[in-house]
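Before any comments, here is the structure.
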Protein chains: 2
Amino acid sequence: MLVDADVHAHGFRQARKARRLELVEDYLELISDLIASGGEARQVDIAARLGVAQPTVAKMLKRLAEDGLVSQKPYRGVFLTERGEELAKYARKRHQIVESFLLALGIEPETARRDAEGIEHHVSRETLEAFRRFAKKNKAR
Amino acid sequence: MLVDADVHAHGFRQARKARRLELVEDYLELISDLIASGGEARQVDIAARLGVAQPTVAKMLKRLAEDGLVSQKPYRGVFLTERGEELAKYARKRHQIVESFLLALGIEPETARRDAEGIEHHVSRETLEAFRRFAKKNKAR
DNA sequence: ATGCTAACATAGCTTGTGCTATAAGAAGTG
DNA sequence: CACTTCTTATAGCACAAGCTATGTTAGCAT
Ligand SMILES: [Mn+2]
Ligand SMILES: [Mn+2]
Ligand SMILES: [Mn+2]
Ligand SMILES: [Mn+2]
């Protein structure tokens, strides 16, 4: 009935790791989207979109900068480094695939958007590829 | 291009809420499984299965007990209250549906198991129902 | 050029989730 | 019944992510 304990633990460890990455991915994806859509990503806008307070964003950006994912020009918003850009691009693509997939399955658009926001971070490469194929075949509508 | 800011924020808030519930759900589901499979759920076994240290489990169990989800008989393991049982039952069913769905999609069993461990917590009722239907139609194998 | 306002920074607090080290106690075994 | 061992409890630490309150300062408008 129950799977082997070590295998079990490995699965949970993996899920916890994904959980730690969720926030980072959401930030990068959002920053990339904000820049693409309006030319800049200010802390206040990031905060408003994420639904958190501005100091929360400030702290996170500091961490992302330390990790070499973003750079900040004071009072000019935040920008993605090359590495940040790469991660953002992958995150956005993945998000888009998951959302299209849910739509192709017949899920309501609003629900699809919200579920995709969480699911995207827990989808392996293999599953993502399967989602992509399915979405392509059963074209949205 | 970008969705309305308030709608956006609402989606993220929802995802954060789900994230806070993830751990609780995993604990309850695991406790239920351990009891079903071996008659008891000890801290050490929970810890081994989750891949965390025993004091981490002890602390979490205290919280779950305060929240009325589990009860502890000293040195006899932990048990689910009625409410805990209900939540566990739903979590397990959901997990099972998500995993079957991934299998029906043609995902490798190991990958399906691991992805399901994360995805399960971010699936709305609507999406879960769609997964269930799909899995039923495209019977596993 | 001055002044206002909006954006950002900083301090200090809370809560959740993890850890190690160590004490204490139940339970099974001889 | 004593002893050993396995299980649980507790203390103390770290770090991530959130918050409010409050200072600073750049940019823009007058
Ligand atoms: Mn997301
Ligand atoms: Mn996303
Ligand atoms: Mn899980
Ligand atoms: Mn599960």
Side-chain angles (χ1 to χ4, degrees), chain A residues 5 9-31 34-35 38-67 69-79 117-118 121, chain B residues 5 9-31 34-35 38-67 69-79 117-118 121:
Chain A
H10 186 253
F12 279 118
R13 268 188 249 267
Q14 195 117 334
R16 278 201 301 278
K17 197 166 130 197
R19 220 180 308 161
R20 277 198 304 275
L21 264 175
E22 279 187 43
L23 245 203
V24 172
E25 293 174 341
D26 283 341
Y27 266 84
L28 296 179
E29 190 188 343
L30 176 57
I31 290 168
L34 281 172
I35 291 175
E40 57 176 21
R42 321 290 284 241
Q43 285 188 18
V44 275
D45 297 325
I46 298 172
R49 295 247 160 212
L50 290 178
V52 299
Q54 168 264 323
T56 301
V57 173
K59 201 192 289 185
M60 186 60 174
L61 290 181
K62 198 176 280 180
R63 217 183 93 202
L64 293 179
E66 274 164 15
D67 295 352
L69 295 169
V70 307
S71 66
Q72 304 187 69
K73 300 208 210 323
Y75 289 81
R76 290 270 144 156
V78 58
F79 299 87
E117 197 54 72
H121 310 282
Chain B
H10 186 253
F12 279 118
R13 268 190 249 267
Q14 196 117 335
R16 280 201 300 278
K17 197 166 131 197
R19 220 179 308 161
R20 277 198 303 276
L21 264 174
E22 279 187 43
L23 245 203
V24 172
E25 292 174 341
D26 283 340
Y27 266 84
L28 295 179
E29 189 188 346
L30 176 57
I31 290 167
L34 281 173
I35 290 174
E40 57 176 20
R42 321 292 282 251
Q43 285 187 17
V44 275
D45 298 325
I46 297 171
R49 295 245 160 214
L50 290 178
V52 300
Q54 168 264 322
T56 300
V57 173
K59 203 191 288 187
M60 185 62 174
L61 290 181
K62 197 176 281 182
R63 215 184 94 202
L64 293 178
E66 274 164 15
D67 295 352
L69 295 170
V70 307
S71 66
Q72 304 186 71
K73 299 210 209 326
Y75 291 82
R76 289 270 144 156
V78 57
F79 298 88
E117 197 54 74
H121 310 283

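For the OP1/OP2 pair of C:dC19 and a distance below 4.0 Å, the side-chain nitrogens and oxygens of B:Gln54 include no atom meeting the criterion. OP1 or OP2 of D:dT10 has at least one side-chain nitrogen or oxygen of B:Lys62 nearer than 4.0 Å. An OP1 or OP2 oxygen of D:dC6 is reached within less than 4.0 angstrom by no side-chain nitrogen or oxygen of B:Arg42.
Of the candidate nucleotides D:dT10, D:dG18, C:dA11, D:dT10 has the atom nearest to the side chain of B:Pro55. Of the listed nucleotides (D:dT7, C:dA21, D:dC13), D:dT7 has the atom at the smallest distance from the side chain of B:Tyr75. Out of D:dG12, D:dG27, D:dA9, the shortest distance to the side chain of B:Lys59 is found at D:dG12. If you check C:dC8, C:dC19, D:dA9 against the side chain of A:Gln43, the one that comes closest is C:dC8. The B:Ala53 side chain lies nearest to C:dT20 when the options are D:dT7, C:dA9, C:dT20. Listed nucleotides: D:dA9, C:dT10, D:dC19. Nearest to the side chain of A:Ala58: C:dT10.
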- Query: side chain to side chain contact (heavy atoms under 4.5 Å, CB included) between B:His121 and B:Glu25: does it pass, once the steps are laid out?
  - Reply: CA-CA 8 Å; B:His121 310 283; B:Glu25 292 174 341; 2.6 Å; yes
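Nearest heavy-atom pair across A:Tyr27 and A:Ile46 is CE2-CG2, 4.0 Å.
Using a 4.0 Å cutoff on non-hydrogen atoms, no part of residues 17-26 of chain B comes near DNA chain D.
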